[in-house]
S.K.: 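My structure is below; once you've seen it, I'll send some questions.
Because the structure is predicted, anything quoted here is derived from the model rather than measured.
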Amino acid sequence: MLLIKPIVLITVTLCSTIIFILFFRPNPLLHKQDSMARSFVLWLHGLGDSGPANEPIKTLFTSPEFKFTKWSFPSAPNSPVTCNFFVVVIQVSQLVVDLELCDDGSVMPSWFDIHEIPVTANSPKDEPGVLKAVQNVHAMIDKEVAAGTDPKNVFVCGFSQGGALTLASVLLYPKTLGGGAVFSGWIPFNSSLIEKFTADARKTPILWSHGMADRTVLFEAGQAGPPFLEQAGVSCEFKAYPGLGHSISNEELRNLESWIKSRLSSSS
């Protein structure tokens, strides 16, 4: 009996040690997963589109770095759009249809008002509408940052009207973000807004991609971006795509994947 007690004591001590090691030692796999999970991609759609319709985009990002990335595809509210109003008025005058149809035809998912299509470098700007939409985007970003995501692992991307909103959102955000990716977008605000860019916001890199055959947002509107951003002290990588109209190509998305990967920061 005297020999049994030390053996039992040793066994209990050994089991306790093993349990402690298994449950309380750092797990490198979990730490790696946690680091990879702390990234967020917010995608802003174009005029008349919806968030869910753009969700297949994330399936093209197959690199391991995106395995635990959180994606968000919000939808714009339904709003009257000036450019649609004038298009419908023209159609109505040609078809001699009741003019009351114009008001219904001008309402669609829109982040802010667009006065004319095609959009040029000198098109009128709905700055108040843009600033209101920016507040909503910032609320989405703030929610993810509050949940523990490093702002430098937050990427805002957008196409057309969503690209224009992307530009405004990242440049008016008070912190440095991972980046803003503009596809077939334009500058939706006046140069007077530059003074509102914080020093940290000016460090957020911009990727700007634009099709040279775009007849909806003219290529000249895209070309106006880099000089404007240079004036504001913002880094911009501009890529022109010959023959590409008002759409996003797989080549652009592959480039976006590489661009984001190169800027992801470890949360360790």
S.K.: Are Val41 and Cys157 packed together at the side-chain level, in the sense that at least one heavy-atom pair is separated by less than 4.5 angstrom?
M.R.: yes

S.K.: Is Glu65 reaching over with its side chain to a backbone N or O of Leu264, donor-acceptor style, under 3.5 angstrom?
M.R.: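 Flag not set: sc Glu65 to bb Leu264 has no pair under 3.5 Å.
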
S.K.: Determine whether a donor-acceptor pair (N or O, by modelled atom type, separation under 3.5 Å) exists between the side chain of Ser110 and the backbone of Phe112.
M.R.: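 A pair under 3.5 Å: yes.
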
S.K.: Does the Glu257 side chain pair with the main chain of Ser63, one donor and one acceptor, at a distance under 3.5 Å?
M.R.: yes

S.K.: Check whether Thr149 reaches the backbone of Val145 with its side chain - one donor and one acceptor, N or O, closer than 3.5 Å.
M.R.: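 It does not hold such a pair.
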
S.K.: Looking at the rings of Phe183 and Phe159, which for Trp means the six-membered one, are their centres under 6.0 Å apart?
M.R.: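 No, the ring centres sit 6.0 Å or more apart.
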
S.K.: So which heavy atom on Trp208 is nearest to which on Cys236, and how close?
M.R.: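 That would be CB-SG, 4.0 Å.
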
S.K.: Linking I/L/V/M/F/W/Y whenever any side-chain heavy atoms sit under 4.5 Å apart, do Leu218 and Trp186 land together?
M.R.: no

S.K.: Passes side chain to side chain contact (heavy atoms under 4.5 Å, CB included), Ile114 versus Thr82? Steps please.
M.R.: CA-CA 6 Å; Ile114 298 178; Thr82 301; over 6 Å; no

S.K.: Given side chains that start at C-beta, do those of Leu171 and Thr204 come closer than 4.5 Å, heavy atoms only?
M.R.: no

S.K.: Do you know which two heavy atoms are closest between Ala53 and Pro56, and how far apart they sit?
M.R.: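 What the structure gives for the nearest pair is O-CD, 3.6 Å.
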
S.K.: For the side chain of Glu144 and the backbone of Ile141, is there at least one donor-acceptor N/O pair under 3.5 Å apart?
M.R.: no

S.K.: Measuring from Ile260:CD1 to Asn255:CG, what's the distance to the nearest 0.5 Å?
M.R.: 10.0 Å

S.K.: So which heavy atom on Val130 is nearest to which on Pro188, and how close?
M.R.: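 Nearest pair, atom of Val130 first, then Pro188: CG2-O, 3.7 Å.
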
S.K.: For Arg215 and His246, indicate whether the former's side chain and the latter's backbone hold a donor-acceptor pair under 3.5 Å.
M.R.: no

S.K.: Less than 3.5 Å apart, any donor N or O on the side chain of Ser191 or Gln231 sitting next to an acceptor on the other?
M.R.: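 No donor-acceptor contact under 3.5 Å links the two side chains.
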
S.K.: Please report the closest heavy-atom contact between Thr198 and Pro174, naming both atoms and the distance.
M.R.: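 Looks like OG1-O, 3.2 Å.
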
S.K.: Look only at the side chain of Ser160 and the backbone of Gly162, and say whether a donor-acceptor pair between them is shorter than 3.5 Å.
M.R.: no

S.K.: Rounded to the nearest 0.5 Å, how far apart are CE of Met108 and OG of Ser79?
M.R.: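 It comes to 11.0 Å.
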
S.K.: How many angstroms lie between CG in Leu165 and CZ in Phe189, if you round to the nearest 0.5 Å?
M.R.: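 These two atoms lie 10.5 Å from each other.
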
S.K.: Below 4.0 angstrom, N of the basic side chain to O of the carboxylate: do Lys239 and Glu237 qualify?
M.R.: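 Here Lys239 pairs with Glu237 in a salt bridge, since their nearest N and O are under 4.0 Å apart.
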
S.K.: Kindly say whether Asp200 contributes a backbone atom to a donor-acceptor pair with the side chain of Thr176 at under 3.5 angstrom?
M.R.: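 Answer holds: yes.
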
S.K.: Any side-chain heavy atom of Thr216 sitting closer than 4.5 Å to one from Pro118?
M.R.: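 No. Closest side-chain heavy atoms not under 4.5 Å.
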
S.K.: So how far is it from Asn136 CG to His138 NE2, rounded to the nearest 0.5 Å?
M.R.: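 Nearest 0.5 Å value for the CG-NE2 distance: 10.5 Å.
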
S.K.: Any side-chain heavy-atom pair from Val107 and Val81 closer than 4.5 angstrom?
M.R.: no

S.K.: Is there a donor-acceptor contact under 3.5 Å linking the side chains of Tyr241 and Asp214?
M.R.: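 Distance-only check fails for Tyr241 and Asp214.
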
S.K.: Ignoring hydrogens and angles, tell me if any N or O in the side chain of His45 forms a donor-acceptor pair with the backbone of Ser75 under 3.5 Å.
M.R.: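 Pair absent, no side-chain N/O of His45 close to backbone of Ser75.
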
S.K.: Ignoring hydrogens, what is the shortest heavy-atom contact between Cys83 and Leu47? Give both atom names and the distance.
M.R.: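 Reported closest heavy-atom pair: SG-CD2, 4.3 Å.
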
S.K.: Could you tell me the separation between the OG atom of Ser123 and the CD1 atom of Ile117, rounded to the nearest 0.5 Å?
M.R.: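 If we round to the nearest 0.5 Å, Ser123:OG and Ile117:CD1 are 9.5 Å apart.
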
S.K.: Any chance you could measure Ser184, atom OG, to Leu244, atom CG, to the nearest 0.5 Å?
M.R.: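 The OG atom of Ser184 sits 6.0 Å away from the CG atom of Leu244.
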
S.K.: When you look at Phe238 and Leu207, which way does the side chain to side chain contact (heavy atoms under 4.5 Å, CB included) test go after all the steps?
M.R.: CA-CA 6 Å; Phe238 186 83; Leu207 173 65; over 6 Å; no

S.K.: Does Phe40 reach the side chain of Thr69, with side-chain heavy atoms less than 4.5 Å apart?
M.R.: no

S.K.: Kindly indicate, with the supporting measurements, whether the criterion side chain to side chain contact (heavy atoms under 4.5 Å, CB included) is fulfilled by Leu229 and Ile187.
M.R.: CA-CA 10 Å; Leu229 294 175; Ile187 304 165; over 6 Å; no

S.K.: How are the rings of Phe66 and Phe61 set relative to one another: parallel (under 30°), tilted (30 to 60°) or perpendicular (over 60°)?
M.R.: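 Taking Phe61 first and then Phe66, their aromatic rings stand perpendicular (interplane angle over 60°).
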
S.K.: Is there a side chain to side chain contact (heavy atoms under 4.5 Å, CB included) between Leu177 and Phe155 once you walk through the steps?
M.R.: CA-CA 7 Å; Leu177 298 177; Phe155 297 85; over 6 Å; no

S.K.: Counting heavy atoms not belonging to Lys261, are there more than 12 under 6.0 Å from its NZ?
M.R.: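 Above 12, so yes.
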
S.K.: Are the side chains of Leu44 and Phe73 in touch, meaning some heavy atoms are under 4.5 Å apart?
M.R.: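 The answer is no, as the side chains (C-beta and beyond) never meet within the 4.5 Å cut-off.
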
S.K.: Could you report the tightest heavy-atom contact between Trp259 and Ile206, atom names first, then the distance?
M.R.: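 Nearest heavy atoms, Trp259 then Ile206: CZ2-C, 3.9 Å.
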
S.K.: Has His210 got a side-chain atom pairing as donor or acceptor with Val217's backbone, closer than 3.5 angstrom?
M.R.: yes

S.K.: I'd like to know whether NZ of Lys125 has more than 12 heavy-atom contacts from other residues, nucleotides or ligands below 6.0 angstrom.
M.R.: yes

